[in-house]
Protein chains: 2
Amino acid sequence: MKTVTISDIAAKAGVSMKTVSRVLNREPNVREEMREKVLAVADSLNYKPNFSARSLASKKSFVIAHWHNNSNADYTSRVLEGAHQACRSAGYFVVSEQLSAPYYETASAYLDTYSVDGLVLSAPLADDADLLQFLLERNIPFVRISPGTQPGISCAAYIDNSGAAKRMTQLLIDAGHKHISFICGPPNHMASQQRIQGFQNALKGAGINCEDCPIYSGDFSVKSGFDTYTNAIAKQKQISAIFAANDAMAVGVVMAALKHGVNIPDDLAIVGFDGSQLSHTIWPQLTTLYQPVSEMAEAITQSLLERIRTGKIDNTPLEFETYILRRDTM
Amino acid sequence: MKTVTISDIAAKAGVSMKTVSRVLNREPNVREEMREKVLAVADSLNYKPNFSARSLASKKSFVIAHWHNNSNADYTSRVLEGAHQACRSAGYFVVSEQLSAPYYETASAYLDTYSVDGLVLSAPLADDADLLQFLLERNIPFVRISPGTQPGISCAAYIDNSGAAKRMTQLLIDAGHKHISFICGPPNHMASQQRIQGFQNALKGAGINCEDCPIYSGDFSVKSGFDTYTNAIAKQKQISAIFAANDAMAVGVVMAALKHGVNIPDDLAIVGFDGSQLSHTIWPQLTTLYQPVSEMAEAITQSLLERIRTGKIDNTPLEFETYILRRDTM
DNA sequence: AGTCAAAATGACAGCGCTGTCAATATTTGA
DNA sequence: TCAAATATTGACAGCGCTGTCATTTTGACT
């Protein structure tokens, strides 16, 4: 089966190769009738473009890399799914890579070997200062999902962390809780700070004494939630609800509370933040806040492709809606 | 910064482009001193090969696709990691794709658009008869991880399911359990059948009455483990241990048992099979059987690359060792 | 030294496409 | 109506590499 090339199309349509190329690449300055004729011929010949040739001639790779340093495979796979979705129609490949520290060195080695047209960075890698500076210097297009720092240096997908945390806290308050503990993530993580902010706003709005609502910090791992409950919260019997800044820590709290024989949610309500797979894998199922990770990834990847195509930089952040998934733990 | 090409190397080394190409591609029939000189010059010029050009000229894509239909992101990410590992040194890309049903149609559409040199299929996709036939017909090199059917049609990575299940069962028996229930996976899944086999072998070897040890079937999901315990096992007080054919179902059992107020492991021992991330995320941590998924993927990918490079087909299965991770639930 | 096969090397076309720039067609405006 | 401006199209080189096949070198054996 002979490969069909644009020169075959050109011959059959009675135009030049370049015109065929223009049509296929949606370039401007082609008459409508020409476009239609070429498209029809291409279709009749069952033409499939050759990426390598395109890539060689145009010096683009048609590869988008997704880099992460997140051991949460569920989160990563949702990001990847969205990125794929965006790339499929544009004819781009996505390769997903778990980057190892030191990030910018690994990145540098990677980019020496493979050529990529753009990068999708997901949190917390999206906040690695060295890596960001490196990418900026090398002038490699990148976008970020839920970065916590340096807003404005790239296009990014966000959720309203503060607002969402406030709504979640309000839910707890409405249920009558007055002693609510919050477990936040790493202190340098802006998203976590924003969630604390929303938590405290809700408390203030309801006239609840912040001193009754201690804040602890974990590291976003299941273990840190488990340990925080065990070491710090278990003995404080007046605390009737715990809000963890992500699902993994919330699950850790659930597990630790279960171990202490606590009745969930009657004696202790627990809520998380993420809408992760894990949140409904466990029993009791976790009440959490759903983030549309896959949609965020798709949109941000689309904007990356747009930037690559047009060369125009538009760093307007994309904000996404979240909603509470109310389940067993409150 | 001008791109360094093989013709630059050729000029500086005083040889022809073709000789440089031979050296760079490890082709035979190059004198040792020539090889060394070329390599030295390439290094001094900091030469980086151009994939597109190579690909265009050689009609290879240097892309390996990993296809799966597994919603278990943890498992998939471990496979991907291994595949990456194998491809990195060979200069291949890996793209990972969740294939949607009907598989062979999606596959066909995918291969019409993208060109790939080979495929890594992970279970249960590795057992889709239509897809396999399609790949065989199109003569696309592929390898499989833990296939349950049609051994011999491709190179594959295996573990000794029966032997491993036997060892795990023996552990339970040695701890004094005489009423052990087994939850298997989908009946057409050979790995699951082999695990049942091993379970029953151990029972027989210990002279335990199989009728005291009922077998139920789930679908490898957390929910099916949860439901099986709740609907079928909970009321059988004599059952003192449950062996689930994978971690997800075992976790479901743990969760359901927790919900029933059962004391684990004193009143009920539970063991899984996989060594998944999930197994140690929950409390109590699950005793499980570790499978070296990532290593399996790496080895099998290596053999795929070998087949692509040499054209030689060697479908000798690769068998891997497993070991029991003993934790809280038994 | 001479012969011949095998090993090593090189010349060169061309993979399929796009960028550049020149050529031609069409529209605009006076 | 005609020149100038603009839109559309085409010719062709060449992206960096490998496959093919011809040529040269080497080594083994008379």
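Naming convention: chains lettered A, B, ... in sequence-line order (proteins, then strands); numbering from 1 in each chain. Note that the coordinates shown come from a computational prediction; the quantities given were computed from them, not determined experimentally.
- More than 12 heavy atoms of other residues, nucleotides or ligands shown are found within 6.0 angstrom of OH on A/Tyr158.
- When the options A/Asp130, A/Asn69, A/Asp128 are evaluated for a side chain to side chain donor-acceptor pair (under 3.5 Å) with A/Tyr103, the one that passes is A/Asn69.
- Between B/Ser58 and B/Ser16, the residue anchored closer to the 5' end of DNA chain C is B/Ser16, taking for each the nucleotide with the nearest heavy atom.
- Heavy-atom neighbours of B/Glu321 CD from other residues, nucleotides or ligands within 6.0 Å: at or below the threshold of 12.
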Below 3.5 Å between N/O atoms, which protein atoms pair up with nucleotides 26-28 of chain C? Just atom names and distances, please.
none

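- Considering all non-hydrogen atoms of both residues, A/Val30 and A/Met34 come closest at CG1-CB, 3.9 Å.
- B/Tyr47 comes within 4.0 angstrom of the backbone, heavy atoms only, and of no base.
- Taking atom CD1 of residue B/Ile6 and atom C1' of nucleotide C/dA11, one finds them 13 Å apart after rounding to whole Å.
- Counting only N and O atoms by type, the side chains of B/Arg144 and B/Ser154 include a donor and acceptor under 3.5 Å apart.
- The phosphate of C/dG10 (OP1 or OP2) has a side-chain N or O of B/Thr19 nearer than 4.0 angstrom.
- Taking every nucleotide of DNA chain D with any atom under 4.0 Å from a non-hydrogen atom of chain B, the first and last of them, 5' to 3', are D/dG16 to D/dT20.
- Note on B/Pro49: only backbone sugar-phosphate atoms sit closer than 4.0 angstrom, heavy atoms only; bases stay farther off.
- Mapping B/Arg22 and B/Arg54 onto DNA chain D by nearest heavy atom places B/Arg54 closer to the 5' end of the strand.
- Rounded to whole Å, atom P of C/dT24 lies 17 Å from atom CE of A/Met34.
- Between A/Arg88 and B/Glu97 there is a salt bridge, since a side-chain N of the basic residue sits under 4.0 Å from a carboxylate O of the acidic one.
- Between the side chains of A/Asn46 and A/Lys48, at least one donor N or O lies within less than 3.5 Å of an accepting N or O.
- Within a 6.0 Å radius of CD in A/Glu81, no more than 12 heavy atoms belonging to other residues, nucleotides or ligands are found.
- Just one of A/Phe62, A/Phe93, A/Tyr114, A/Tyr110 meets the ring pair (Phe, Tyr, Trp, His ring centres under 6.0 Å) condition when paired with B/Phe93; it is A/Tyr114.
- When heavy atoms are screened at a 4.0 angstrom cut-off, A/Met17 is found touching base atoms of the nucleic acid.
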